[in-house]
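Accompanying notes for the structure given below.
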2 protein chains.
Amino acid sequence: MEHGSCVPQGTEITRTGFHYTLSLIGGKYKMAILYLLTECGVLRHNAIYRRIEGISYKTLSVMLKELAADGLVVRKEYPQVPPKVEYMLTERGRSLIPILHNMCDWGERHRGDVPASR
Amino acid sequence: MEHGSCVPQGTEITRTGFHYTLSLIGGKYKMAILYLLTECGVLRHNAIYRRIEGISYKTLSVMLKELAADGLVVRKEYPQVPPKVEYMLTERGRSLIPILHNMCDWGERHRGDVPASR
DNA sequence: CGGTATCCGAGAGGATACTG
DNA sequence: CAGTATCCTCTCGGATACCG
């Protein structure tokens, strides 16, 4: 696999592929949401909420909205009362999964390697 | 590739492997620093500073200190005047490179796929 | 049920000035 | 040259309250 530099001199850092990717999956919860959807296929808003420890209702809404805007998840709304909304991964979203796996694996393997870890 | 869930129910999110990894390479500049060191081998503080657009002197110091504390880079100080300090990747730091490449590649390939991208 | 609106605190990172 | 010390701003995410 031949790579040019991903951080060529003078490149504005926020325009690198890395930072584009980070802007989509970075932050505290997005990766967890994507994972849940990988494993469960389709989930309602409340189902995600219950499975992610610590997230607030509002934050989950914001995260899902951003993920949808970035084309990583699909939001399917059923016009009924009470409302029902389902979320699932897009093809684009699924293409991120190997990367998430890599990062998880690396973290699991290397956590604790550093004596006085932060 | 067989994986268990990286986000098991009830897991506190900040203790997942993913978030451990993100805590090391997340943020605006760390990945750029790691990349530069991959390509150049050994660099002085000022050399890194000149190659990363937008970073402040102080922020670079903080980033390098954290990367060193996390065992990803080595700081080598020459006790002379004027001071000379060199930075290079550790083995642990090098093991992260494939992940950085993955994220760069994905970003380069998928940037612009979304119509009204943020 | 699945939101939005509003307010707020913590932390990342920037600007500037100073030191060995 | 390399690094602190302040101070400041901006974004992320949390808390609470209200709406269709």
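- The pair B:K30-B:E66 meets the salt-bridge criterion, with a side-chain N (NZ, NE, NH1 or NH2) lying under 4.0 Å from an Asp/Glu carboxylate O.
- Side chain of A:N46, nearest nucleotide from D:dT4, C:dG2, C:dG3: C:dG2.
- A search for side chain to side chain contact (heavy atoms under 4.5 Å, CB included) contacts involving A:K65 returns nothing, not counting sequence neighbours.
- Cluster partners of A:V42, by chain and number: A:V74, A:M88. The rule joins Ile, Leu, Val, Met, Phe, Trp and Tyr whenever side-chain heavy atoms lie under 4.5 Å apart.
- A centroid separation of 6.0 Å or more is found between the aromatic rings of B:H19 and A:Y29.
- Formation of a donor-acceptor pair under 3.5 Å by the A:R92 side chain with backbone atoms of A:D70 is found in this model.
- Across all strands, A:Y49 comes closer than 4.0 Å to no nucleic acid atom at all (heavy-atom distances).
- In this entry the distance linking CD1 of B:I13 with P of D:dG14 reads 11 Å, nearest Å.
- Counting heavy atoms from C-beta outward, A:Y78 and A:E86 have side chains that approach closer than 4.5 Å.
- To the nearest angstrom, P of C:dG2 lies 11 Å from CG of A:L43.
- Rounded to an integer number of Å, the gap from A:I25 CD1 to D:dC12 P is 15 Å.
- Listed by chain and residue number, A:F18, B:L22, B:M103 satisfy the side chain to side chain contact (heavy atoms under 4.5 Å, CB included) test with A:L22 (two or more places apart in sequence, or in another chain).
- When the P atom of C:dC1 is taken as reference, atom CZ of A:R44 falls 8 Å away, rounded to whole Å.
- Helix bend of the helix from C:dC1-D:dG20 to C:dG20-D:dC1: the angle between its two end axes, each built from five pairs, comes to 40° after rounding to 10°.
- As rounded to whole Å, 15 Å separates atom C1' of C:dG3 from atom CD of A:Q80.
- Not counting sequence neighbours, the partners of B:Y57 by the side chain to side chain contact (heavy atoms under 4.5 Å, CB included) test are B:H45, B:N46, B:Y49.
- For the pair A:L64 CG and C:dC1 C1', the interatomic distance rounds to 14 Å; values are reported in whole Å.
- In terms of phosphate contacts, A:R75 brings a side-chain nitrogen or oxygen within less than 4.0 Å of OP1 or OP2 of C:dG3.
- Between the A:T21 side chain and the A:G17 main chain, a donor and an acceptor come within less than 3.5 Å of each other.
- Of the side-chain N and O atoms in A:K65, none sit less than 4.0 angstrom from OP1 or OP2 of C:dG3.
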**OP:** If a protein heavy atom is under 4.0 Å from the base, mark B; if only from the sugar-phosphate, S; if neither, -; do that for nucleotides 13-20 of chain C going 5' to 3'.
**Re:** BBB----B

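- In this entry the distance linking CG of A:L60 with C1' of D:dG13 reads 12 Å, nearest Å.
- Within 4.0 Å (heavy atoms only), B:Y78 reaches no atom of the nucleic acid at all.
- The CG-P distance, from B:L22 to C:dA12, rounds to 13 Å in whole Å.
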